[in-house]
Amino acid sequence: MAGEASGSKTTEEKEQSLTLEPCPECGSTVIYRDPTRGEIICGNCGIVISERYIDQGPEWRAFSSEEKEGRSRVGAPTTFAMHDKGLSTVIDRRDIDVYGNKLVPSRRAQIYRLRKWQIRSMVHNSVQRNLATAMSELDRLTSQLGIPRDIKETAAIIYRKALERRLVRGRTIDGVTAAAVYLACRLHHVPRALEEIATHTHAGRKELGRSIRLILHTSGITIPRPKPQDFIPRFGEDLRMSVNSQRRAIEVIDQAQAMGLTAGKDPTGMAAAALYIAGLIEGERRTQQEVAAAAHITEVTVRNRYKEMVQRLNLKVEV
DNA sequence: AAGACGAAAGTGGTTGA
DNA sequence: TCAACAACTTTCGTCTT
């Protein structure tokens, strides 16, 4: 379903996605891309973070709706999320030439042999075959989890590296793919719960955890530890809370961090409690249950963090 | 009736010997 | 490898709005 037509439509408006780095100015992780200007912009303070964003959308301007539908880049943008990066040559099965004429038998036999070796060299190589299944699994997983394209690309790269290091051997492709997705999310400061990914993959939670640790140890990737602030945009969005409240929640967390209240605590719990407090302050009250559900934790934990922070930070909260 | 609160017991993961 | 430990979860009864 997700064909090229829908792809070219979404690039039309400002596309929200998350980049590797939070805003250097205010630390916000809500980052927008503006393909028409080629800029990456902070959604919070509006600063232009980068002006060298590469537009992978259609190449030409369009003056009518038919043109708009018809235009595209010459060839799809290359992507790591396909086993051949989308660059392979395909030899058609139909035995006709470009003019639609039937091929003479000798020519036809030649094409047949070419195609045979073409396919052998592509997918019948075990590495390529592995990648092909992995990338389709990656497709499925990322679309189910609603993971943006650039994170998916990172996951694909992580998977390729793991495959090069022969880490996939003896493990399931699904498991390693899921692990790559998990790591990619953390790299992009959009951490997803292990649980969340585990429910959408065939691999068990245990295997997923093992794969993650294995990649982590052998590949030398350093993953930033998830910060409570990283969760605010997503949870806030799930709870349909305003940007104002989200910003307030981040302030609360900053204060708590300054007092050393966050050490050793579950960052999702901190984020949830901060959102709960922000809701009270900003008059966008959400129940502890709602907040807890958004963060995939229990209301008891929300309560404990909430109590701690109100007490230690001397917050005046109207109930 | 729904939401908030707190106590007590249980659980999975980390740490240090 | 194992036990200790802190944080989190589950469960349940009570209080407040």
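A quick note: this is a predicted structure, and the numbers were derived from the prediction, not measured. Each chain gets a letter, A, B and so on, in the order the sequences are listed, and its residues count up from 1. All values below come from the heavy atoms of this structure, side chains included, with hydrogens, waters and symmetry mates left out.
- One can place CD of A:E290 at 11 Å from C1' of B:dA2, the figure rounded to the nearest angstrom.
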Between protein and nucleotides 2-8 of chain C, what N or O pairs are separated by less than 3.5 Å?
{"unit_1": "C:dC8", "atom_1": "OP1", "unit_2": "A:D266", "atom_2": "N", "d": "2.4"}
{"unit_1": "C:dC8", "atom_1": "OP2", "unit_2": "A:R305", "atom_2": "NH1", "d": "2.5"}
{"unit_1": "C:dC8", "atom_1": "OP2", "unit_2": "A:R305", "atom_2": "NH2", "d": "3.3"}

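- Residue A:R286 contributes atom CZ, which lies 17 Å from atom C1' of B:dA2 at whole-angstrom precision.
- B:dT11 atom C1' lies 14 Å from atom NZ of A:K206, rounded to whole Å.
- Rounded to whole Å, atom P of B:dA2 lies 16 Å from atom CZ of A:R285.
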Does the side-chain contact (heavy atoms from CB on, under 4.5 Å) test come out yes or no for A:I277 and A:L313, once each step is laid out? CA-CA 12 Å; A:I277 292 173; A:L313 300 177; over 6 Å; no

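- Listed nucleotides B:dA4, C:dT10, B:dC5 differ in distance to A:R303; the shortest reach to its side chain belongs to B:dC5.
- Across all strands shown, C:dA6 forms no Watson-Crick or G-U wobble pair with both key distances under 3.5 Å.
- Counting to the nearest Å, the P atom of B:dG6 and the CD atom of A:E308 are 12 Å from each other.
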Given side-chain contact (heavy atoms from CB on, under 4.5 Å), test A:Y182 with A:L187 step by step and report yes or no. CA-CA 9 Å; A:Y182 175 83; A:L187 274 175; over 6 Å; no

Under the criterion side-chain hydrogen bond (donor to acceptor under 3.5 Å, both in side chains), I'd like the reasoning laid out for A:H296 against A:T268: C-alpha separation, chi angles, the key distance, then a yes or no. CA-CA 8 Å; A:H296 299 110; A:T268 60; over 6 Å; no

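- In this structure, the side chain of A:R248 does not engage the main chain of A:V243 through any donor-acceptor pair within 3.5 Å.
- Picking from B:dG3, C:dT10, B:dC5 the nucleotide with the shortest atom distance to the side chain of A:Y306 gives B:dC5.
- A:L194 has its CG atom 15 Å from the P atom of B:dG12, to the nearest Å.
- At least one donor-acceptor pair closer than 3.5 Å links the side chain of A:T177 to the backbone N or O of A:I173.
- Of the candidate nucleotides B:dG3, C:dT10, B:dG6, C:dT10 has the atom nearest to the side chain of A:V300.
- Mapped onto DNA chain B by nearest heavy atom, A:Q288 and A:R213 fall at different nucleotides, with A:Q288 at the one closer to the 5' end.
- Phosphate contact (OP1/OP2 of B:dA4, side-chain N/O of A:K307, threshold under 4.0 Å): absent.
- Note: CD1 (A:I212) to P (B:dG13) measures 12 Å, nearest angstrom.
- Residue A:N304 contributes atom CG, which lies 14 Å from atom P of B:dA8 at whole-angstrom precision.
- In the model, A:N244 has no side-chain atom that pairs as donor or acceptor with a side-chain atom of A:E284 under 3.5 Å.
- Of the charged side-chain nitrogens involved, none lies within less than 4.0 Å of a carboxylate oxygen, so that A:R186 and A:D230 do not count as a salt-bridged pair.
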